[in-house]
Amino acid sequence: MWNPHWGLGIRLVFICILLVTMAHECAGGGNLTTASCSEQERLALLKFKRNLKDDHGMLSSWGLGNDCCRWERVGCDDATGRVVSLYLGRKFREDYYLSDRAGLPDEDYNLASIDEDYYLAGDGLNSCLTELVNLKHLDLSGNNFQYNQIPKFIGSLKQLRYLNLSGAGFSG
C-alpha cells in the first residue's frame, strides 16, 4: 500500500542531493582537474634548466610530461595553471640534518656527507624567467652562481613578492 509520506521523503532526499551537488560545484569541487601550465612557461623553464649545471638531479622531473605544474620545485596557481613559485634552493641530504644524528657521537657520524648536498650551478641566470609573468616566489638560495652580478632582469619580475638569493654565489 502506498504511503503519501514516502513521496515527501523522496522529494526531500532529492532536494538534499541537489543542494549538496550545487554547493560542491560552487566551491570549485566540480572541476576535478587543475589547470596545467602554458606551453610558453614550460619552454621557458626548460630553457632555464639548460643553462644550469644540475649534477644532482634536482630538476630531473623537468621535462617529464607536458604539465610543468607537476614538476618538482615548481608551484602553480590551481585555477589558472600559471607558474607562481620556484623552490630552487639548495637541498641538503636527509642524513645531514641534526635530527638524524641525535644520540650519535661525532666519530660515529659520517661527516663526509656534508659535501653531498644538492645544488645548482651556473654562470648566471637566464632571462627567460621573465616569461613567468606571474612568478611571486623565487628561491635560489645556497646554489653556486660563481659570483656573477645579480641579474638586472630580476627587477622586471613585477609580481615577485619573495626573493631568496642568500648564499647563492651572486655579487653586487
C76 and G81 have their tightest heavy-atom pair at SG-O, 3.9 Å
Quiz item: Is a side-chain donor or acceptor of W62 paired with a backbone partner of R73 at a separation under 3.5 angstrom?
Solution: no
Sequence neighbours excluded, the answer for disulfide (SG to SG under 2.5 Å) partners of C128 is none
- Task: Kindly indicate whether the side chain of L138, heavy atoms from C-beta on, has any atom under 4.5 Å from the side chain of Y162.
- Result: no
Heavy atoms of T80 and D77 approach each other most closely as N-OD1, 2.9 Å
Inset, instruction - Evaluate the side-chain proximity of Y119 to H56: yes if any heavy-atom separation is below 4.5 Å, no if none is. - result: yes
**Message:** Do K47 and N126 make a side-chain contact, defined as non-hydrogen atoms from C-beta onward lying under 4.5 Å apart?
**Reply:** yes
Identify each donor-acceptor pair in which a side-chain atom of residues 129-137 lies under 3.5 Å from a protein atom, sequence neighbours left out, and give them as a table.
unit_1, atom_1, unit_2, atom_2, d
T130, OG1, S127, O, 2.8

Are the side chains of Y118 and D54 in contact, using a 4.5 Å heavy-atom criterion? no
Which of L46, V83, L59 passes side-chain contact (heavy atoms from CB on, under 4.5 Å) with W71? Answer is L46
Taken to the nearest 0.5 Å, the spacing of K49 NZ from S61 OG works out to 7.5 Å
dist S38:OG -> D67:CG (nearest 0.5 Å) comes out at 10.5 Å
Distance col, row D55:CG vs L120:CG, nearest 0.5 angstrom, shows 9.5 Å
Check whether L163 and L86 end up in the same hydrophobic cluster, where Ile, Leu, Val, Met, Phe, Trp and Tyr are linked by side-chain heavy atoms less than 4.5 Å apart.
-> yes
>> With heavy-atom distances below 4.5 Å as the criterion, would you say the side chains of L165 and D139 are in contact?
In response: no
Output for pair (C68 SG, R82 CZ), nearest 0.5 Å, gives 10.0 Å
SG to SG below 2.5 angstrom is the rule I want applied to C37 and C69. Does it hold?
no
- Task: Could you please spell out the steps behind the side-chain contact (heavy atoms from CB on, under 4.5 Å) verdict for L43 and F48?
- Result: CA-CA 9 Å; L43 292 174; F48 177 72; over 6 Å; no
Enumerate donor-acceptor pairs with a distance under 3.5 Å from any side-chain N or O in residues 146-159 to protein atoms, sequence neighbours excluded.
unit_1, atom_1, unit_2, atom_2, d
N148, ND2, D123, O, 2.5
N148, ND2, F145, O, 2.9
S156, OG, F153, O, 2.6

